[in-house]
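What follows is a short report on a single structure.
Along the sequence shown, the residues carry numbers beginning at 1. Hydrogens, waters and symmetry mates play no part in the numbers below; they use all other heavy atoms, side chains included. Owing to the predicted nature of the structure, the values given are computational and were not obtained by experimental measurement. Ligands are counted one by one from 1 in listed order, and the atoms in each one are counted from 1 as well.
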Amino acid sequence: MPSRKILVINCGSATIKFALVDEHEESFALRGIADRLGEPDAVLHWQHAGERHEQPIPGADHGAALARLLPLVQEASPGGVQAIGHRVVHGGERFTRARRIDAEVLAAIRAVAPMAPLHNPANLLGIEAAMAVYPELPQVAVFDTAFHQTLPEHAFRYALPDALYREHGVRRYGFHGTSHHYVSQRAAELAGLPVEDSCWLSAHLGNGCSTCAIVNGRSRDTSMGLTPLEGVVMGTRSGDVDPNLHSHLARTLGWPLEQTERMLNHESGLLGLSGLSNDMRTLQQAHDQGHPGAILAIEVFCYRLAKSLAALSCALPRLDGLIFTGGIGENSPLIRSKTLAHLRLFDLALDEAANARCVNGVGGAIHAPGHPRVLVVPTNEERQIALETLEVLDACAIRADVR
Ligand code: ADP
(Lines give C-alpha, C1' and ligand atoms only; values in the text may rest on other atoms or scores of the structure.)
Protein backbone atom coordinates (compact mmCIF):
# COMPACT_ATOMS: atom_id res chain seq x y z
CA MET A 1 0.00 0.00 0.00
CA PRO A 2 1.45 3.45 -0.88
CA SER A 3 2.20 5.53 2.18
CA ARG A 4 -0.44 8.05 3.20
CA LYS A 5 0.09 11.81 3.31
CA ILE A 6 -1.45 14.45 5.53
CA LEU A 7 -1.40 18.20 5.06
CA VAL A 8 -0.81 19.71 8.52
CA ILE A 9 -1.93 23.28 9.09
CA ASN A 10 -1.21 25.57 12.03
CA CYS A 11 -3.03 28.89 11.73
CA GLY A 12 -2.22 32.06 13.62
CA SER A 13 -4.08 35.34 13.22
CA ALA A 14 -1.83 36.45 10.33
CA THR A 15 0.08 33.25 9.48
CA ILE A 16 -0.46 29.72 8.20
CA LYS A 17 2.36 27.25 8.84
CA PHE A 18 2.00 24.10 6.77
CA ALA A 19 3.75 20.78 6.21
CA LEU A 20 3.07 17.81 3.99
CA VAL A 21 3.75 14.76 6.15
CA ASP A 22 4.31 11.25 4.80
CA GLU A 23 3.39 8.63 7.41
CA HIS A 24 6.66 6.77 6.81
CA GLU A 25 9.13 9.65 6.53
CA GLU A 26 10.63 11.88 9.20
CA SER A 27 11.31 14.81 6.83
CA PHE A 28 8.67 16.73 4.91
CA ALA A 29 8.42 16.89 1.09
CA LEU A 30 6.88 20.34 1.41
CA ARG A 31 6.76 22.84 4.26
CA GLY A 32 6.37 26.56 4.60
CA ILE A 33 4.56 29.56 5.96
CA ALA A 34 2.13 32.13 4.61
CA ASP A 35 2.99 35.27 6.52
CA ARG A 36 1.52 38.74 7.13
CA LEU A 37 -1.89 37.61 5.86
CA GLY A 38 -4.33 40.43 5.19
CA GLU A 39 -1.43 42.87 4.65
CA PRO A 40 -0.22 44.34 1.36
CA ASP A 41 3.13 42.56 1.85
CA ALA A 42 1.66 39.10 2.54
CA VAL A 43 4.06 36.42 1.33
CA LEU A 44 4.21 32.65 0.90
CA HIS A 45 7.55 30.94 1.72
CA TRP A 46 8.03 27.23 1.10
CA GLN A 47 10.64 24.53 0.72
CA HIS A 48 10.20 21.70 -1.74
CA ALA A 49 12.77 19.15 -2.89
CA GLY A 50 15.52 20.94 -0.99
CA GLU A 51 14.84 24.32 -2.60
CA ARG A 52 13.47 27.48 -1.03
CA HIS A 53 10.77 29.51 -2.80
CA GLU A 54 8.97 32.75 -2.12
CA GLN A 55 5.86 34.24 -3.72
CA PRO A 56 4.22 37.58 -2.85
CA ILE A 57 0.49 37.15 -2.20
CA PRO A 58 -0.51 40.82 -1.58
CA GLY A 59 -3.61 41.22 0.56
CA ALA A 60 -4.28 37.45 0.65
CA ASP A 61 -6.44 36.25 3.55
CA HIS A 62 -6.35 32.71 4.99
CA GLY A 63 -8.64 31.35 2.25
CA ALA A 64 -6.64 32.93 -0.57
CA ALA A 65 -3.37 31.66 0.89
CA LEU A 66 -4.74 28.11 1.21
CA ALA A 67 -5.94 28.27 -2.40
CA ARG A 68 -2.35 29.18 -3.41
CA LEU A 69 -1.17 26.12 -1.52
CA LEU A 70 -3.28 23.73 -3.61
CA PRO A 71 -0.96 23.55 -6.65
CA LEU A 72 2.11 23.22 -4.39
CA VAL A 73 0.54 20.28 -2.57
CA GLN A 74 -0.45 18.70 -5.90
CA GLU A 75 3.09 19.07 -7.22
CA ALA A 76 4.65 17.63 -4.07
CA SER A 77 2.10 14.83 -3.79
CA PRO A 78 0.60 13.97 -7.19
CA GLY A 79 -1.36 11.13 -5.54
CA GLY A 80 -3.13 13.68 -3.33
CA VAL A 81 -3.43 13.78 0.45
CA GLN A 82 -5.70 11.73 2.71
CA ALA A 83 -6.74 14.50 5.08
CA ILE A 84 -5.89 17.83 6.67
CA GLY A 85 -4.74 17.87 10.29
CA HIS A 86 -5.29 21.18 12.11
CA ARG A 87 -3.49 22.27 15.25
CA VAL A 88 -6.07 23.63 17.67
CA VAL A 89 -4.72 25.19 20.85
CA HIS A 90 -7.60 24.80 23.32
CA GLY A 91 -9.99 21.87 23.42
CA GLY A 92 -11.24 22.46 26.96
CA GLU A 93 -12.37 19.32 28.83
CA ARG A 94 -14.39 18.17 25.87
CA PHE A 95 -11.53 16.79 23.77
CA THR A 96 -9.30 14.08 25.17
CA ARG A 97 -8.02 13.11 21.73
CA ALA A 98 -8.02 14.30 18.11
CA ARG A 99 -11.42 14.52 16.42
CA ARG A 100 -12.77 14.62 12.90
CA ILE A 101 -14.20 18.09 12.39
CA ASP A 102 -17.95 18.45 11.94
CA ALA A 103 -20.42 21.16 12.92
CA GLU A 104 -20.52 19.94 16.53
CA VAL A 105 -16.73 19.96 16.89
CA LEU A 106 -16.55 23.44 15.33
CA ALA A 107 -19.13 24.70 17.83
CA ALA A 108 -17.17 23.17 20.73
CA ILE A 109 -13.90 24.80 19.59
CA ARG A 110 -15.77 28.11 19.35
CA ALA A 111 -17.25 27.63 22.82
CA VAL A 112 -13.81 27.41 24.49
CA ALA A 113 -12.35 30.32 22.47
CA PRO A 114 -12.68 32.76 25.42
CA MET A 115 -10.03 30.63 27.21
CA ALA A 116 -7.59 30.98 24.28
CA PRO A 117 -8.58 34.32 22.73
CA LEU A 118 -5.30 34.72 20.84
CA HIS A 119 -5.31 31.21 19.38
CA ASN A 120 -8.66 29.44 18.93
CA PRO A 121 -10.28 32.14 16.74
CA ALA A 122 -7.24 31.98 14.41
CA ASN A 123 -7.36 28.16 14.38
CA LEU A 124 -11.08 28.35 13.48
CA LEU A 125 -10.34 30.78 10.67
CA GLY A 126 -7.92 28.24 9.20
CA ILE A 127 -10.31 25.32 9.59
CA GLU A 128 -13.17 27.16 7.92
CA ALA A 129 -10.96 28.38 5.08
CA ALA A 130 -9.57 24.84 4.56
CA MET A 131 -13.07 23.35 4.53
CA ALA A 132 -14.03 25.81 1.80
CA VAL A 133 -10.87 25.25 -0.29
CA TYR A 134 -10.65 21.45 0.24
CA PRO A 135 -14.32 20.43 0.70
CA GLU A 136 -13.68 16.81 -0.33
CA LEU A 137 -11.01 16.14 2.31
CA PRO A 138 -11.60 14.94 5.88
CA GLN A 139 -10.41 17.58 8.36
CA VAL A 140 -9.18 16.61 11.81
CA ALA A 141 -8.56 18.82 14.85
CA VAL A 142 -5.58 17.93 17.05
CA PHE A 143 -5.66 19.76 20.38
CA ASP A 144 -2.69 21.07 22.40
CA THR A 145 -4.70 20.44 25.57
CA ALA A 146 -5.83 16.85 24.83
CA PHE A 147 -2.66 15.08 26.03
CA HIS A 148 -3.06 16.72 29.45
CA GLN A 149 -6.61 15.47 29.98
CA THR A 150 -5.06 12.58 31.97
CA LEU A 151 -3.95 14.95 34.76
CA PRO A 152 -5.36 13.78 38.09
CA GLU A 153 -7.79 16.19 39.73
CA HIS A 154 -5.29 17.15 42.46
CA ALA A 155 -3.01 18.41 39.65
CA PHE A 156 -5.58 20.18 37.49
CA ARG A 157 -7.63 21.98 40.15
CA TYR A 158 -6.84 25.46 41.45
CA ALA A 159 -7.54 26.08 45.14
CA LEU A 160 -10.54 28.26 44.26
CA PRO A 161 -14.25 28.01 45.09
CA ASP A 162 -15.61 24.79 43.57
CA ALA A 163 -18.29 26.57 41.52
CA LEU A 164 -15.67 28.33 39.41
CA TYR A 165 -14.56 24.93 38.16
CA ARG A 166 -17.96 23.21 37.99
CA GLU A 167 -19.83 26.08 36.36
CA HIS A 168 -17.13 27.98 34.50
CA GLY A 169 -14.37 25.49 33.69
CA VAL A 170 -11.70 27.36 35.66
CA ARG A 171 -8.97 24.71 36.01
CA ARG A 172 -5.51 23.93 34.71
CA TYR A 173 -5.58 22.57 31.13
CA GLY A 174 -1.95 22.64 29.98
CA PHE A 175 -0.66 23.18 26.44
CA HIS A 176 2.15 21.98 24.11
CA GLY A 177 0.61 18.51 24.58
CA THR A 178 1.45 17.46 21.01
CA SER A 179 5.13 18.16 21.60
CA HIS A 180 5.37 16.60 25.09
CA HIS A 181 3.56 13.52 23.75
CA TYR A 182 5.87 13.17 20.74
CA VAL A 183 9.17 13.67 22.56
CA SER A 184 8.26 11.36 25.44
CA GLN A 185 7.53 8.57 22.94
CA ARG A 186 10.79 9.26 21.08
CA ALA A 187 12.69 9.34 24.38
CA ALA A 188 11.33 5.90 25.31
CA GLU A 189 12.41 4.60 21.88
CA LEU A 190 15.88 6.13 22.26
CA ALA A 191 16.27 4.68 25.75
CA GLY A 192 14.97 1.26 24.71
CA LEU A 193 12.13 1.44 27.25
CA PRO A 194 8.47 0.55 26.62
CA VAL A 195 6.41 3.78 26.53
CA GLU A 196 3.87 2.17 28.86
CA ASP A 197 6.54 1.64 31.51
CA SER A 198 8.56 4.86 31.42
CA CYS A 199 8.69 8.11 33.45
CA TRP A 200 9.87 11.44 32.03
CA LEU A 201 10.24 15.10 32.79
CA SER A 202 10.05 17.12 29.60
CA ALA A 203 10.97 20.77 28.98
CA HIS A 204 9.57 22.28 25.77
CA LEU A 205 11.47 25.54 25.35
CA GLY A 206 10.45 27.58 22.31
CA ASN A 207 8.91 31.05 22.23
CA GLY A 208 6.38 29.54 24.60
CA CYS A 209 7.87 27.24 27.25
CA SER A 210 6.36 24.52 29.41
CA THR A 211 7.33 21.49 31.45
CA CYS A 212 5.51 18.18 31.77
CA ALA A 213 5.65 15.01 33.89
CA ILE A 214 4.80 11.94 31.81
CA VAL A 215 4.17 8.52 33.37
CA ASN A 216 3.66 5.45 31.18
CA GLY A 217 2.78 7.60 28.14
CA ARG A 218 0.32 9.84 30.01
CA SER A 219 0.65 13.42 31.15
CA ARG A 220 0.39 13.61 34.95
CA ASP A 221 1.21 17.30 35.48
CA THR A 222 2.33 20.29 33.47
CA SER A 223 3.36 23.89 34.08
CA MET A 224 0.83 25.77 31.95
CA GLY A 225 -2.66 26.23 33.32
CA LEU A 226 -6.00 27.78 32.37
CA THR A 227 -4.06 29.70 29.72
CA PRO A 228 -0.51 29.39 28.32
CA LEU A 229 0.65 32.22 30.61
CA GLU A 230 1.14 30.08 33.72
CA GLY A 231 4.41 28.39 34.57
CA VAL A 232 8.00 29.00 33.51
CA VAL A 233 9.57 32.14 32.00
CA MET A 234 8.98 32.42 28.21
CA GLY A 235 10.04 34.70 25.34
CA THR A 236 7.57 37.50 26.09
CA ARG A 237 5.32 35.83 28.73
CA SER A 238 6.02 36.21 32.42
CA GLY A 239 5.05 32.73 33.58
CA ASP A 240 3.97 32.60 37.25
CA VAL A 241 3.48 35.88 39.08
CA ASP A 242 1.64 36.73 42.26
CA PRO A 243 -2.10 36.46 41.45
CA ASN A 244 -2.61 39.85 43.14
CA LEU A 245 -0.50 41.60 40.51
CA HIS A 246 -3.48 42.81 38.44
CA SER A 247 -5.12 44.52 41.41
CA HIS A 248 -1.81 45.86 42.72
CA LEU A 249 -1.07 47.56 39.38
CA ALA A 250 -4.66 48.80 39.11
CA ARG A 251 -4.49 50.38 42.58
CA THR A 252 -0.98 51.79 42.45
CA LEU A 253 -0.60 52.73 38.76
CA GLY A 254 -4.23 52.86 37.61
CA TRP A 255 -3.55 50.20 34.95
CA PRO A 256 -6.67 48.74 33.33
CA LEU A 257 -6.91 44.92 33.02
CA GLU A 258 -5.98 44.97 29.34
CA GLN A 259 -2.74 46.84 30.00
CA THR A 260 -1.59 44.32 32.61
CA GLU A 261 -2.64 41.45 30.38
CA ARG A 262 -0.67 42.88 27.44
CA MET A 263 2.36 43.45 29.66
CA LEU A 264 2.26 39.88 31.03
CA ASN A 265 1.81 38.27 27.60
CA HIS A 266 3.84 40.47 25.27
CA GLU A 267 6.30 42.62 27.22
CA SER A 268 7.54 40.26 29.94
CA GLY A 269 9.59 37.05 30.08
CA LEU A 270 13.06 37.15 28.51
CA LEU A 271 12.19 40.41 26.75
CA GLY A 272 10.99 42.17 29.87
CA LEU A 273 13.85 41.00 32.08
CA SER A 274 16.61 41.72 29.56
CA GLY A 275 15.15 44.92 28.11
CA LEU A 276 16.80 43.63 24.93
CA SER A 277 15.12 40.71 23.17
CA ASN A 278 12.80 37.73 23.48
CA ASP A 279 15.16 35.71 21.26
CA MET A 280 17.52 33.39 23.11
CA ARG A 281 20.20 33.59 20.37
CA THR A 282 20.43 37.36 20.79
CA LEU A 283 20.47 37.01 24.58
CA GLN A 284 23.25 34.42 24.54
CA GLN A 285 25.44 36.68 22.41
CA ALA A 286 24.73 39.62 24.72
CA HIS A 287 25.34 37.39 27.77
CA ASP A 288 28.78 36.50 26.40
CA GLN A 289 29.52 40.22 25.97
CA GLY A 290 28.54 40.92 29.59
CA HIS A 291 25.12 42.59 29.01
CA PRO A 292 23.61 42.69 32.55
CA GLY A 293 19.99 42.39 31.35
CA ALA A 294 20.77 39.35 29.20
CA ILE A 295 22.70 37.72 32.05
CA LEU A 296 19.81 38.28 34.46
CA ALA A 297 17.19 37.04 31.97
CA ILE A 298 19.13 33.81 31.39
CA GLU A 299 19.71 33.26 35.13
CA VAL A 300 16.02 33.73 35.97
CA PHE A 301 14.93 31.59 32.99
CA CYS A 302 17.13 28.64 34.04
CA TYR A 303 16.40 28.87 37.76
CA ARG A 304 12.64 29.04 37.25
CA LEU A 305 12.80 26.20 34.74
CA ALA A 306 14.75 24.00 37.17
CA LYS A 307 12.29 24.89 39.94
CA SER A 308 9.36 23.84 37.75
CA LEU A 309 11.03 20.52 36.84
CA ALA A 310 11.78 19.83 40.50
CA ALA A 311 8.14 20.58 41.40
CA LEU A 312 6.83 18.26 38.67
CA SER A 313 8.99 15.43 39.99
CA CYS A 314 6.22 15.07 42.63
CA ALA A 315 4.11 13.47 39.88
CA LEU A 316 6.67 10.73 39.09
CA PRO A 317 7.20 7.38 40.82
CA ARG A 318 10.77 7.38 39.41
CA LEU A 319 12.74 9.32 36.79
CA ASP A 320 13.84 7.55 33.60
CA GLY A 321 15.07 10.79 32.09
CA LEU A 322 14.83 14.51 31.51
CA ILE A 323 14.04 15.66 27.96
CA PHE A 324 14.97 19.00 26.39
CA THR A 325 13.11 20.09 23.24
CA GLY A 326 11.89 23.20 21.33
CA GLY A 327 14.13 25.81 19.67
CA ILE A 328 16.00 26.61 22.91
CA GLY A 329 15.97 23.09 24.36
CA GLU A 330 17.31 21.61 21.11
CA ASN A 331 19.97 24.25 20.45
CA SER A 332 21.29 25.75 23.64
CA PRO A 333 24.01 23.85 25.55
CA LEU A 334 24.28 26.92 27.82
CA ILE A 335 20.64 26.82 28.94
CA ARG A 336 20.72 23.03 29.44
CA SER A 337 23.89 23.26 31.48
CA LYS A 338 22.73 26.20 33.63
CA THR A 339 19.37 24.53 34.29
CA LEU A 340 20.95 21.27 35.38
CA ALA A 341 23.29 23.14 37.70
CA HIS A 342 20.19 23.87 39.84
CA LEU A 343 19.15 20.20 39.89
CA ARG A 344 22.14 18.61 41.63
CA LEU A 345 19.90 17.11 44.32
CA PHE A 346 18.56 14.84 41.56
CA ASP A 347 22.14 13.78 40.81
CA LEU A 348 21.76 15.15 37.26
CA ALA A 349 25.04 15.94 35.51
CA LEU A 350 26.02 16.58 31.88
CA ASP A 351 28.68 15.22 29.58
CA GLU A 352 29.73 18.65 28.27
CA ALA A 353 31.07 17.31 24.94
CA ALA A 354 27.77 15.50 24.25
CA ASN A 355 25.88 18.60 25.36
CA ALA A 356 27.84 20.76 22.90
CA ARG A 357 27.22 18.27 20.08
CA CYS A 358 23.41 18.28 20.39
CA VAL A 359 22.43 21.33 18.31
CA ASN A 360 20.83 21.97 14.89
CA GLY A 361 18.57 18.95 14.91
CA VAL A 362 21.10 16.53 16.40
CA GLY A 363 19.52 14.75 19.35
CA GLY A 364 20.77 12.17 21.80
CA ALA A 365 21.93 11.49 25.33
CA ILE A 366 23.90 14.28 27.05
CA HIS A 367 24.22 13.01 30.65
CA ALA A 368 27.53 12.16 32.27
CA PRO A 369 28.18 8.43 32.68
CA GLY A 370 26.64 7.02 35.87
CA HIS A 371 24.12 9.89 36.20
CA PRO A 372 20.39 9.93 35.39
CA ARG A 373 19.50 10.12 31.71
CA VAL A 374 19.19 13.54 30.03
CA LEU A 375 18.11 13.59 26.38
CA VAL A 376 17.88 16.21 23.66
CA VAL A 377 14.94 15.19 21.47
CA PRO A 378 14.03 17.37 18.48
CA THR A 379 10.28 17.81 18.54
CA ASN A 380 8.12 17.23 15.50
CA GLU A 381 4.66 18.53 16.21
CA GLU A 382 3.65 18.34 12.55
CA ARG A 383 4.44 14.63 12.45
CA GLN A 384 2.55 14.00 15.69
CA ILE A 385 -0.47 15.92 14.31
CA ALA A 386 -0.31 13.83 11.11
CA LEU A 387 -0.08 10.55 13.03
CA GLU A 388 -3.04 11.49 15.24
CA THR A 389 -4.98 12.55 12.14
CA LEU A 390 -4.34 9.11 10.60
CA GLU A 391 -5.49 7.42 13.83
CA VAL A 392 -8.76 9.34 13.57
CA LEU A 393 -9.18 8.32 9.91
CA ASP A 394 -8.50 4.68 10.80
CA ALA A 395 -10.99 4.78 13.68
CA CYS A 396 -13.63 6.38 11.40
CA ALA A 397 -13.00 3.66 8.78
CA ILE A 398 -13.42 0.92 11.41
CA ARG A 399 -16.67 2.51 12.64
CA ALA A 400 -17.94 2.77 9.03
CA ASP A 401 -17.08 -0.95 8.47
CA VAL A 402 -18.89 -1.98 11.65
CA ARG A 403 -21.97 -0.03 10.61
P1 ADP B 1 8.11 28.41 18.51
O2 ADP B 1 7.69 28.27 19.93
O3 ADP B 1 7.65 29.68 17.89
O4 ADP B 1 7.91 27.16 17.66
P5 ADP B 1 10.93 27.65 18.46
O6 ADP B 1 10.69 26.30 19.03
O7 ADP B 1 11.45 27.76 17.08
O8 ADP B 1 9.70 28.63 18.62
O9 ADP B 1 11.98 28.37 19.46
C10 ADP B 1 12.35 29.68 19.30
C11 ADP B 1 13.41 29.99 20.33
O12 ADP B 1 14.53 29.11 20.09
C13 ADP B 1 13.95 31.41 20.23
O14 ADP B 1 14.13 31.94 21.53
C15 ADP B 1 15.29 31.20 19.57
O16 ADP B 1 16.21 32.20 19.91
C17 ADP B 1 15.71 29.87 20.17
N18 ADP B 1 16.82 29.29 19.42
C19 ADP B 1 16.85 28.86 18.14
N20 ADP B 1 18.11 28.49 17.80
C21 ADP B 1 18.89 28.69 18.89
C22 ADP B 1 20.27 28.51 19.18
N23 ADP B 1 21.10 28.04 18.26
N24 ADP B 1 20.71 28.82 20.42
C25 ADP B 1 19.86 29.31 21.35
N26 ADP B 1 18.55 29.50 21.15
C27 ADP B 1 18.07 29.20 19.93
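- Nearest protein heavy-atom neighbour of atom 7 (O) of ligand 1: G327 CA, 4.2 Å.
- Considering each of R281, H176, Q285, the one bringing a non-hydrogen atom nearest atom 19 (C) of ligand 1 is R281.
- Nearest to atom 26 (N) of ligand 1 by heavy-atom distance, out of H204, M280, M234, is M280.
- Summarising the local packing, CD of E196 is surrounded by more than 12 heavy atoms from other residues, nucleotides or ligands at distances under 6.0 Å.
- Within 6.0 Å of OH on Y303 lie no more than 12 heavy atoms contributed by other residues, nucleotides or ligands.
- Looking only at protein heavy atoms, the nearest one to atom 11 (C) of ligand 1 is I328 CG1, 3.8 Å.
- When each of E230, H148, H180 is checked for a side chain to side chain donor-acceptor pair (under 3.5 Å) with S210, only H180 meets the rule.
- Among protein heavy atoms, atom 24 (N) of ligand 1 sits closest to N331 O, 3.6 Å.
- Scanning the protein for heavy atoms near atom 16 (O) of ligand 1, the closest one is D279 OD1, 2.6 Å.
- Not a single protein heavy atom sits closer than 4.0 Å to atom 4 (O) of ligand 1.
- Scanning the protein for heavy atoms near atom 2 (O) of ligand 1, the closest one is N207 N, 2.9 Å.
- Looking at Y134 and I84, their side chains come closer than 4.5 Å, going by heavy atoms from C-beta outward.
- In this structure, R171 is positioned above the aromatic face of Y173, its NZ or CZ under 6.0 Å from the six-membered ring centre and within 45° of the axis.
- More than 12 heavy atoms of other residues, nucleotides or ligands lie within 6.0 Å of CG in L253, so this atom counts as buried by the packing criterion.
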